[in-house]
Every structure is written in C-alpha cells, then in structure tokens.
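Have a look at the structure below, then the notes.
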Amino acid sequence: MWSDEKVIEATKDFVCALDEVWRLQRGKDAESLHFQAMADKGHYGGGGGTRQGIYVLTADGTLLAASNHLSAAKALETLTTGLEAWKKTTPTQRTLPSDWTLPRKRWEDSLPPDAVILISYNADLGAGAQRERLNRDHVWFTVEEARGWLPAEPTEGRKHVVSKLITERIAQFHLVDNVRGQTLPFAAQDVAGTVLRTTVTAREGNVVSFTIEGETQGETDGSWLLGENDWKPKTKYPRGVTTTVNGVGRHDTATGRFLQLEFAAIGERTGRTNLNGRKEGDVGPEGIGWIFELAPDRASSRIAPAFVDIYGADWIVDPR
Amino acid sequence: MHASRTCLLPLLTLLGAVALGGGCGGDHAPTPAVDAEASAAIKARYEAARDQVLPSEAERRWEEIDWQPTYAGGLRASSDQQKPLLLWVMNGHPLGCT
C-alpha cells in the first residue's frame, strides 16, 4: 500500500516513521510507555492484543487517527482523517521542548559505526509462486567478523572457505522461510552441511575482486536447540531450507571496507512454523530464493536483524 | 532431506551446477591462474537469480518515503518540522523483517 502513488503523495504532509511494535507494546522504557499511552486509545483499544497498524499523532503523543489495513484506500482514509484533526491541534501539542528526549534502549545501540550490514530480500520461486509477498531483513557483521569472507592474504587465484561464524550466522538466522511472516531460526547443529567458498579473481592495487559460491542446508525435526527465549515454540515444526549460493564481491584491503558484497541463495523450502503463514497445504517442497547485498549508508539500514537476540555475538548487548 | 526438486528443475537447469572445486578446512594453496570461465559462470548465475528475487522498482517505491526508523525519532522530527507524525508499526520492523 505504501508504494501506491496517491499514498506516497499524501505522506508528504507528514513526518513518516516506522518501528517494531513488539518491544513498543510490551516495553517498560520511556519510549515504549509513551507509545502505549498513545496506542491504547487507537483501533485496538487498551486490550492485551497487538498494536500493529497506522497511527497519526502530534509530537506530544495526542492520537489523531488510527487503523490497521493493507489497503491503500483505507490508509488514505486514515491519513485524511488525521490531517483534518491536526488542523485543530494546538502549538503545545505540536511542539516538544528543544531538550526533549525519550530515554530508550535498542538493539541498534550495539552496532559499531563501521559494521558491515547486508540487506536481504527473499521471495517464493517456482512455477506456482505468488510474488505478492516478499520479505527483507538485515545481516550484521563487525569489521573483524567480516574478515572471514576472504583469506588473510587475498592474492589472485586463492580459494578460501568462508569462516564458520559467517556461514552459521547466514544459514541459521537468515536462510529461513519468512517470506510470508516471521519464522523460527535453525540451530548450529541444523546447518552443519553448509559451506561457502570465495575465490579471489583479481587484485588491482588494494581492491580485491572475488566470487562467492557454496551450498547451504538447514534441516530440523522441530526439536528446539536454542535455549529459553522469546522464540521457543510450544510445538515441534519440522522444516528445511537447502540452497545453492552464487555471488560476487570487491574488498578494499587498505580501508577494510567492502565495496560490493552480493550473493543469491536459491533452493527449496519444506515444512512450516507457527507464524510464517504457510498453511498445511503449503509445506513444500517449493522454490525459494534470497538476495543479499550491502545495505545503503543510511540510518534505516541499521535496523536490527529479526534474530539479533539470539545471534550469540558477544558485542551485542541485550537492551531489555 | 527427501525433497522433490520438481519445482526447481527449470531454474536449476538454467543456473547450471556449481562447478568450482575446493573442499573444506581453511585456505587453499594459491592457484597460478584464475579460472575465468568458472568466475563468469558464478557471476551469471548470481545475476539470473538476482533478477528473479529482487523486488521491482514499482514494488520498492515505498522506500522513496523519508522514513524515520524509530518512534522517538519520529516524534522529534514531527516537532521540528511542525507536521503530524504518521507512524506505521508492525510485528518485526517494517524496514527489516516483518
């Protein structure tokens, strides 16, 4: 709905913001409590359920309109209602003191400024695949972790097995079937058959060009091996993802920066989970694919990965 | 996994089989020359897959909107710009995984 021409035009009268609702509707930090006070007056009222949706409000948190639809027409109605209500608000409602802040704790606080961030897109593939849904996520690596993509001495022709840390992070937490909704990760034991390799194809000065290829395998009978956390399901969900990986990259050895890091993982999915939108008749095997590429250098690229809380990296501080 | 490959046969036929050698266990000995043909094949397979998976320009138009990535940041910007705040919240960050 947000790609609709009329909706895009209408958003120009607003400051637009996005956020993850799970933390905001449950958290006890100032930002979450501020959100709850506003959203409890919205389309879902003050009940115990979700607060997903669209809200129009003033800077001081006065709710002007709210709804939860995927229809562009319904979204436009909410924006129009909110804009009309805005015209009746006071300067006090619209303006925050210059020193106003909301103390907050977020996963993003852990991410180093020079981190290597990939954005992923995934979609169903194959003869019967519907492209009306796709999903995206971010992959985080520190500069030190990202060194595992290449050999220590990246001379032309050298082949390298990508580090276990990189391979497992991608296979466990990112090659998962969340095309239609959030899903469950794999444990390290579930992805033991995964291997990624790089080959240095050229070196011009400090810039190393390389290819990426490999095979990934994630498979579980549904046994939960990732400990006690928010993701632990109540039921076993057998599932699997197998892919073939191909990609390319360029790395500046002088700055340590990746100039390009792109790869595709194309393969099959089987099974389902409690939240990923696969019904009993849609458990595969069916085609699925991912594209990973460097995220643009902007604030919105620093949004945390879905499974950041179980990445297991010692540099990630739990904000809760 | 005992998965049937019926649905992916055309795709895999198109992409071809992975041909680059090399086993596991760390860096391999440098080779004297790059296999240009194998590198080109990997790149071609990647580009074919990319075109299948990446959303179209039309599907990505919503990314043109100047989204603030946090609720608090949106409130601050609303005050600074004297505009109402349009907030979209989902299970999973809409700019990330939903």
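In the text below, chain A, chain B and the rest are named by the order of the sequence lines, each starting its count at 1.
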Exercise. Select one option (side chain, backbone, both, neither) describing which atoms of B/Q82 are under 4.5 Å from chain A's heavy atoms.
Key: both

Exercise. Name the region of B/A36, side chain, backbone, both or neither, that has any atom closer than 4.5 Å to a heavy atom of chain A.
Key: neither

Quiz item: What heavy-atom pair brings A/E156 and B/V34 nearest, and what distance separates the two atoms?
Solution: CG-CG2, 3.3 Å

Quiz item: Between A/L79 and B/L86, is any pair of side-chain heavy atoms under 4.5 Å apart?
Solution: yes

Quiz prompt | Contact summary for B/V53 and A/N122, nearest pair of heavy atoms | solution = CG1-CA, 4.2 Å

Practice problem: Answer with side chain, backbone, both or neither: which region of A/K164 has an atom nearer than 4.5 Å to a non-hydrogen atom of chain B? | Solution: neither

Exercise. Please name the residue in the list A/E31, A/H34, A/E20 that meets the side-chain hydrogen bond (donor to acceptor under 3.5 Å, both in side chains) test with B/Y71.
Key: A/H34

Quiz prompt | B/D66 atom CG: more than 12 heavy-atom contacts under 6.0 Å | solution = no

Exercise. Taking all non-hydrogen atoms of both residues into account, name the closest pair between B/P55 and A/L134 and its distance.
Key: CB-CD2, 3.6 Å

Exercise. Might you point out which heavy atoms bring B/R50 and A/I291 nearest each other, and give the distance in Å?
Key: CA-CD1, 3.2 Å

Exercise. List for me each residue that meets side chain to side chain contact (heavy atoms under 4.5 Å, CB included) alongside A/V248, sequence neighbours excluded, and say none if there are none.
Key: A/Q260, B/K43, B/Y46

Quiz item: Are any of the side-chain heavy atoms of B/R61 and A/I8 separated by less than 4.5 Å?
Solution: yes

Quiz item: Among all residues two or more places apart in sequence or in another chain, which pass the side chain to side chain contact (heavy atoms under 4.5 Å, CB included) test with A/A65?
Solution: A/V56, A/T78, A/T81

Self-check item: Over all atoms of both residues, closest heavy-atom pair of B/H93 and A/L18
Solution: NE2-O, 3.4 Å

Practice problem: I would like to know whether B/L87 and A/M38 meet side chain to side chain contact (heavy atoms under 4.5 Å, CB included); could you show each step before the answer? | Solution: CA-CA 11 Å; B/L87 175 71; A/M38 181 278 297; 4.1 Å; yes

Practice problem: Check each atom of B/L85 against the heavy atoms of chain A and say whether the ones under 4.5 Å are side chain, backbone, both or neither. | Solution: both

